[in-house]
Protein chains: 2
Amino acid sequence: MTKEAAHKEFTSFLKKGDNRITPERFEVLDHAMDYKGHFGADELYIKMRTSNSDISRATVYNTVELLAQCGLVVKRNFGENKTRYESIVNKKLHDHLICTNCGTIKEFSEPKIQKIVKELSVAIGFEPDSYSLNIYGKCTNPNCGQIKNAK
Amino acid sequence: MTKEAAHKEFTSFLKKGDNRITPERFEVLDHAMDYKGHFGADELYIKMRTSNSDISRATVYNTVELLAQCGLVVKRNFGENKTRYESIVNKKLHDHLICTNCGTIKEFSEPKIQKIVKELSVAIGFEPDSYSLNIYGKCTNPNCGQIKNAK
DNA sequence: ATTATTGCAAACGCTTTGCACTCCC
DNA sequence: GGGAGTGCAAAGCGTTTGCAATAAT
């Protein structure tokens, strides 16, 4: 998805919800799309402040939440007691393998799981919007174990 | 599982890891087992303080973590930026449906998912210890929507 | 006796809040 | 012009930390 397309989508989302079109919101969208990998709201705020922007922390927090509602970004949580986000642009749905030794996060995609999640939810009488699957364990990185283990 | 069995298991876990056997640790274990449903470390601390104990916050946090390592308790995270725990005693492995409207958390168990998670991980080259699957969406509770919606 | 564990209070990191100012509609 | 959105700083919440006192080994 191009930035223009994302802007368009965000614009119509904002209008639909009677939210205003402000330059700050698109500034946040742009930086979120530029971010490689997962980011916390505060990291994004810091990144923006150090690059050129004079946006406020509150605005970044608010806007990132709007982006998640809009679907341009997904919310993640890896058990660190902080919310992470990830731009969905140019990415397909995926899940995460988290190494409990070195903290490495590996992504994978498996349509089978998506299918089962959907079927199950409906069977139970639940209208699923999204899901999050994290698998915790040990990765096969040869350097793993020497890294964070020494805490 | 009886409390005695849990005590026994925790005892052998502690010995194996060269941790000491202290009354505080078993006090935490007992209260965790009594807790119906999920609890945060702080909630458990508050509950213990209000019931009779004069345990410290630090000890509860530390011990609950030991219980999780031991496996008598599982760590959960429902995207609230806080760690939740759940006594595994008398419960089988299960996943969660979380209603984004009213906040209700419903449990379900599906061996098919456990099987797929295992297979997938191994195929990717990952040694899985545990996993967490949360499905977010709308529940079918007739009162849902009138409850937390009015935020 | 040695050293892990405890209790306490202060600090921490991420997030939310209150309020005055701004600027989109 | 009215009210949503912004910026700022302070407060909030769950959690972690440092250190002296305590108790398990």
Side-chain angles (χ1 to χ4, degrees), chain A residues 7 10-29 31-32 38-50 52-70 73 75-85 103 148 151, chain B residues 7 10-29 31-32 35 38-49 52-70 73 75-86 148 151:
Chain A
H7 276 225
F10 196 30
T11 302
S12 72
F13 167 83
L14 290 173
K15 284 187 175 159
K16 216 182 309 170
D18 279 317
N19 295 298
R20 293 187 178 165
I21 311 297
T22 69
E24 287 85 357
R25 287 178 171 167
F26 291 94
E27 218 184 307
V28 174
L29 170 56
H31 279 84
H38 316 104
F39 57 89
D42 224 75
E43 291 167 65
L44 186 59
Y45 166 69
I46 301 294
K47 185 186 161 233
M48 290 179 73
R49 293 297 292 219
T50 53
N52 54 357
S53 177
D54 57 352
I55 201 160
S56 77
R57 179 170 264 122
T59 300
V60 175
Y61 274 81
N62 289 336
T63 305
V64 150
E65 199 52 36
L66 285 172
L67 289 172
Q69 285 171 30
C70 173
V73 135
K75 256 172 134 158
R76 305 278 188 199
N77 197 304
F78 301 120
E80 322 157 280
N81 296 330
K82 66 175 266 190
T83 302
R84 288 186 165 280
Y85 299 87
K148 200 179 182 177
K151 190 202 163 165
Chain B
H7 276 226
F10 195 31
T11 302
S12 73
F13 167 83
L14 290 172
K15 284 187 175 156
K16 215 182 311 171
D18 279 318
N19 295 299
R20 291 185 180 170
I21 311 296
T22 69
E24 289 84 359
R25 286 177 171 167
F26 291 95
E27 217 184 310
V28 173
L29 170 56
H31 279 85
Y35 219 108
H38 317 101
F39 57 89
D42 224 76
E43 293 167 63
L44 186 59
Y45 166 68
I46 300 294
K47 183 186 161 236
M48 291 179 73
R49 293 298 292 221
N52 53 357
S53 177
D54 57 350
I55 201 161
S56 78
R57 177 168 266 123
T59 300
V60 174
Y61 274 82
N62 288 337
T63 306
V64 150
E65 199 52 37
L66 285 172
L67 289 173
Q69 285 171 29
C70 173
V73 135
K75 256 173 134 157
R76 305 278 186 199
N77 197 305
F78 301 119
E80 323 156 280
N81 297 328
K82 65 176 268 191
T83 302
R84 288 185 164 280
Y85 299 87
E86 181 174 16
K148 201 180 180 178
K151 190 204 164 167

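In what follows, chains are A, B, ... by sequence order, proteins preceding strands, each numbered from 1.
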Nearest whole angstrom, please: distance from the P of dC14(C) to the CG of Leu44(A).
14 Å
Grab the CZ-P distance between Phe10(B) and dT5(C) for me, whole Å please.
10 Å
Nucleotide nearest Asp42(A) (side chain, heavy atoms from C-beta), chosen from dT6(C), dT15(C), dT15(D):
dT15(C)
For Glu27(B) and dT5(C), what is the distance between atoms CD and C1' respectively, to the nearest whole Å?
14 Å
How many Å lie between CZ on Arg25(A) and P on dG7(D), as a whole number?
11 Å
Once you apply a heavy-atom cut-off of 4.0 Å, does Asn62(B) come out as touching a base, just sugar-phosphate, or nothing?
nothing
Which atom names give the shortest non-hydrogen contact between Val73(A) and Tyr85(A), and what distance separates them?
CG1-CD2, 3.6 Å
Which of the following nucleotides, dT15(C), dT6(D), dT6(C), is nearest to the side chain of Thr83(A)?
dT15(C)
Measuring from the side chain of Asn81(B) (C-beta onward, heavy atoms only), which nucleotide among dT15(C), dG7(C), dT6(D) has the closest atom?
dT15(C)
For Glu80(B) and dT15(D), what is the distance between atoms CD and C1' respectively, to the nearest whole Å?
15 Å
For Ala41(B) and Val60(B), the nearest pair of non-hydrogen atoms, with its separation, is O-CG1, 3.6 Å
Distance in angstrom units between Ile46(B) CD1 and dT15(D) C1', rounded:
13 Å
State whether Arg84(A) places a side-chain N or O below 4.0 Å from either non-bridging phosphate oxygen (OP1 or OP2) of dT15(C).
no
Where do Gly40(A) and Arg84(A) come nearest, in terms of heavy atoms and distance?
N-NH1, 4.2 Å
Considering residues at least two apart in sequence or located in another chain, which fulfil the side chain to side chain donor-acceptor pair (under 3.5 Å) criterion with Tyr45(A)?
none
Side chain to side chain contact (heavy atoms under 4.5 Å, CB included) with Ser56(A): which residues, sequence neighbours excluded?
Ala58(A), Thr59(A)
Find the distance between NE2 (His31(A)) and CD1 (Ile55(A)) and round it off to the nearest 0.5 Å.
9.0 Å
Quick check for you: to the nearest 0.5 Å, what is the distance between Thr83(A) atom OG1 and Arg76(A) atom CZ?
12.5 Å
Positions of residues 63-70 of chain B (non-hydrogen atom under 4.0 Å from DNA chain D), listed by number
none
State which of dT6(C), dG14(D), dC14(C) makes the closest approach to the side chain of Tyr61(A).
dC14(C)
Rounding to an integer number of Å, can you tell me how far Lys15(B) NZ sits from dT5(C) C1'?
17 Å
Could you tell me whether the side chain of Arg57(B) reaches within less than 4.5 Å of the side chain of Arg49(B), counting heavy atoms only?
no
Inter-end axis angle, the helix from dA1(C)-dT25(D) to dC25(C)-dG1(D), with every axis fitted to five base pairs (rounded, 10 degrees)
30°
Could you give the NZ-to-P distance, from Lys16(B) to dA4(C), as a whole number of Å?
20 Å
Using atom types as modelled, flag every donor-acceptor pair under 3.5 Å from a side chain in residues 14-29 of chain A to any protein atom, sequence neighbours excluded.
residue, atom, partner, partner atom, Å
Thr22(A), OG1, Arg25(A), N, 3.4
Arg25(A), NH1, Arg20(A), O, 2.7
Glu27(A), OE2, Ser53(A), OG, 2.4

What's Arg57(A) touching, base or sugar-phosphate or nothing? Going by heavy atoms closer than 4.0 Å.
base
Quick one: does Asn77(B)'s side chain have a donor or acceptor within less than 3.5 Å of a partner on Phe78(A)'s backbone?
no
Under 4.0 Å between a side-chain N or O of Thr59(A) and OP1 or OP2 of dG7(D)?
yes
Nearest nucleotide by nearest heavy atom, which residue falls closer to the 5' end of DNA chain C, Ala58(A) or Tyr45(B)?
Tyr45(B)
Heavy atoms, side chains only, cut-off 4.5 Å: are Glu43(A) and Lys47(A) in contact?
no
Kindly give the heavy-atom pair with the smallest separation between Phe39(B) and Leu44(B), and that separation in Å.
CE1-CD2, 3.7 Å
Protein-nucleotides 21-25 of chain D N/O pairs under 3.5 Å:
residue, atom, partner, partner atom, Å
dA24(D), O3', Ile21(B), O, 3.4
dA24(D), N3, Arg20(B), NH1, 3.3
dT25(D), OP1, Ile21(B), N, 3.1

